[in-house]
Amino acid sequence: MNAVRSLSRSTYLIATDEAGYGPKLGPLVIASTLWSIPTVDVDAANDATNDAFACFDTFKSPIVVQGKTVVIGDSKKLFKPGTAGSLDGLRHATWSALRASGHSACELRDCLASIAADDIPAIADTPWLATFTDVWNSGVDDRIGAAIDSAWAMATPKIIALRVRIVTPREFNAACAQGLNKADLLSRMTLGLVATLAGVCQSHCQNTTRHIDVFCDRHGGRRFYGGVLQHVFSDSALSIELETANQSTYCLRRDDERLRVRFTVKGDSFVPVALSSMVAKFLRETAMKSFNQYFTELAGDTLQLRPTAGYPLDADRFLADVESIIVREKMDRSTLVRSR
């Protein structure tokens with residue numbers, strides 16, 4: 001099916017991405033950013049590389065302060081595990097996204113109530129996330145933050161809101177137990193964030209037709225999203241515009257709102273998606289720091305633990321290393337290990 005071609009006035013853009021889809025340990029983190037953008041011919045930019053989105057070029061320029069460089073890009077390429085200072089670029093980008101979207105507080109615990117409201121009870125009920133918020137500020141350099149703020153202030157697109165899901169293994173497993181597979185779980189939670197931010201658009205732009213363009217990376221190689229879109233946006237009329245090997249595009253219409261949703265292969269090369277990717281990656285890595293610290297403290301001097309990033313093979317190694325701790329502390333494995 002050919003993409004529908006029509007000149008549309010786009011006022012808002014929502015970008016999403018995840019970190020931690022593959023691991024067995026630690027949370028799945030999904031981040032979504034909402035942007036106010038100039039009116040563009042979005043239909044002429046189906047792959048987000050057309051000049052219609054040149055307004056984001058400002059964000060592509062590296063920001064160098066005191067010998068440190070911050071650039072918005074694919075978090076998988078920017079973050080190098082075990083490299084000193086590697087997390088700082090993600091940290092500063094996350095801080096700047098929070099500040100740009102109206103969060104003046106610099107304590108994660110003060111931000112979580114609004115950016116991750118659905119997950120606050122689960123986080124509070126997870127012992128290995130006890131130090132999650134404590135390590136948030138470590139390494140923040142106000143000079144770099146100020147430089148990023150200044151550079152972003154010059155850009156025409158503006159970040160309006162930031163929302164995340166921090167899905168613990170307990171919540172992940174509960175969703176799977178209800179019949180969802182991993183791809184369904186990721187898609188539903190991602191689109192739930194999109195629906196939340198679409199609600200922010202409604203309050204931000206009342207009595208005006210809202211054109212919202214949504215960009216997502218592909219979910220676990222999934223190609224068809226019509227069913228999950230209709231499930232999440234059950235009160236909208238759905239039309240399929242494109243379903244190819246590289247991109248799936250859909251249009252949702254209701255009242256004064258039109259959402260065009262794209263799922264694109266390597267979509268995290270697009271600046272708004274890349275920033276969401278960086279936020280998700282930073283929160284995931286921060287959570288894993290808390291996870292490893294928790295078990296290191298339980299091990300004490302009797303066991304020298306190597307930290308884990310939670311990916312399957314190393315997760316199995318780590319779980320074997322901490323088996324005695326799990327038994328001693330009578331831990332529920334469903335709170336530690338994902339079922340899928």
Side-chain angles (χ1 to χ4, degrees), residues 1 3-4 12-23 27-34 42 46-48 116-119 122 161 163-169 171-202 210-255 257-268 270 272-273 276-277 279-280 338-340:
M1 181 181 295
V4 174
Y12 297 102
L13 186 149
I14 296 172
T16 76
D17 204 6
E18 55 77 23
Y21 181 72
L28 166 65
V29 181
I30 309 165
S32 185
T33 49
L34 169 63
V42 179
N46 266 335
D47 61 359
D118 289 341
D119 300 310
R163 296 290 186 272
V164 302
R165 290 299 311 268
I166 302 170
V167 187
T168 64
E171 299 305 303
F172 186 100
N173 292 338
C176 291
Q178 294 175 2
L180 295 182
N181 60 37
K182 284 181 64 174
D184 285 335
L185 186 152
L186 175 60
S187 295
R188 285 196 187 184
M189 291 189 173
T190 298
L191 293 173
L193 288 177
V194 171
T196 296
L197 289 179
V200 174
C201 289
Q202 184 175 11
R210 296 176 301 282
H211 294 265
I212 307 169
D213 286 272
V214 182
F215 289 86
C216 309
D217 206 1
R218 276 277 171 88
H219 294 168
R222 184 176 195 157
R223 179 170 169 177
F224 305 105
Y225 298 85
V228 68
L229 280 164
Q230 197 66 79
H231 176 84
V232 175
F233 297 94
S234 58
D235 58 346
S236 298
L238 171 71
S239 59
I240 301 171
E241 296 188 348
L242 192 70
E243 289 179 330
T244 68
N246 294 319
Q247 180 171 290
S248 303
T249 306
Y250 306 84
C251 188
L252 293 157
R253 297 180 184 275
R254 63 177 179 183
D255 300 330
E257 183 176 86
R258 186 232 63 186
L259 276 79
R260 176 163 285 115
V261 186
R262 296 170 176 82
F263 300 88
T264 309
V265 173
K266 298 188 183 302
D268 50 8
F270 183 39
V273 178
S276 296
S277 170
V279 172
R338 297 186 205 167
S339 58
R340 300 179 186 178

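- Looking at Thr16 and Ser276, their side chains never bring a donor and an acceptor atom within 3.5 Å of each other.
- Across Tyr21 and Ala183, no two heavy atoms sit closer than the pair OH-N, 3.3 Å.
- When the side-chain hydrogen bond (donor to acceptor under 3.5 Å, both in side chains) test is applied to Tyr250, the partners found at least two apart in sequence or on another chain are Glu243.
- Annotation: salt bridge (Lys or Arg N to Asp or Glu O under 4.0 Å) contacts involving residues 176-199, sequence neighbours excluded, comprise Asp184-Arg222.
- By the ring-ring contact (aromatic ring centres under 6.0 Å, His included) test, Phe263 pairs with His219, Tyr225, sequence neighbours left out.
- Contact record, Leu252 with Leu229: CD1-CD2, 3.9 Å, taken as the closest heavy-atom pair.
- For Asn173 against Ser339, the heavy-atom pair with the smallest separation is OD1-N, 2.7 Å.
- The distance from atom OG1 of Thr264 to atom CG of Asp217, rounded to the nearest 0.5 Å, is 7.5 Å.
- Shown here for Thr244 and Arg218, the closest heavy-atom pair between the two residues is O-NH2, 2.9 Å.
- To the nearest 0.5 Å, atoms OG (Ser239) and CZ (Arg253) are separated by 6.5 Å.
- Rounding to the nearest 0.5 Å gives a distance of 7.5 Å between CZ of Arg210 and SG of Cys201.
- A heavy-atom distance below 4.5 Å is found between the side chains of Leu185 and Leu28.
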Test log, rule side-chain contact (heavy atoms from CB on, under 4.5 Å), inputs Val194 and Val232: CA-CA 10 Å; Val194 171; Val232 175; over 6 Å; no
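- With rounding to the nearest 0.5 angstrom, the SG atom of Cys251 is 8.0 Å from the CG atom of Leu259.
- Remark: Asp235 CG is packed, more than 12 non-hydrogen atoms of other residues, nucleotides or ligands lying under 6.0 Å away.
- The two residues Cys216 and Thr190 have their closest heavy-atom pair at SG-CG2, 4.4 Å.
- The CZ atom of Arg260 lies 12.5 Å from the CG atom of Leu13; values are rounded to the nearest 0.5 Å.
- Between Glu18 and Ala280, the shortest heavy-atom distance links the atoms C-CB, 4.0 Å.
- Using a 4.5 Å cut-off on side-chain heavy atoms (C-beta onward), Phe233 and Leu238 make no contact.
- In this model, no donor atom of one side chain and acceptor atom of the other lie less than 3.5 Å apart for Ser32 and Arg165.
- Between the side chain of Asp119 and the backbone N or O of Ile166, at least one donor-acceptor pair lies under 3.5 Å.
- One distance of note links CG of Asp17 with OG1 of Thr33; it measures 10.0 Å at 0.5 Å rounding.
- Distance alone, capped at 3.5 Å, places no donor-acceptor pair between the Arg163 side chain and the Leu34 backbone.
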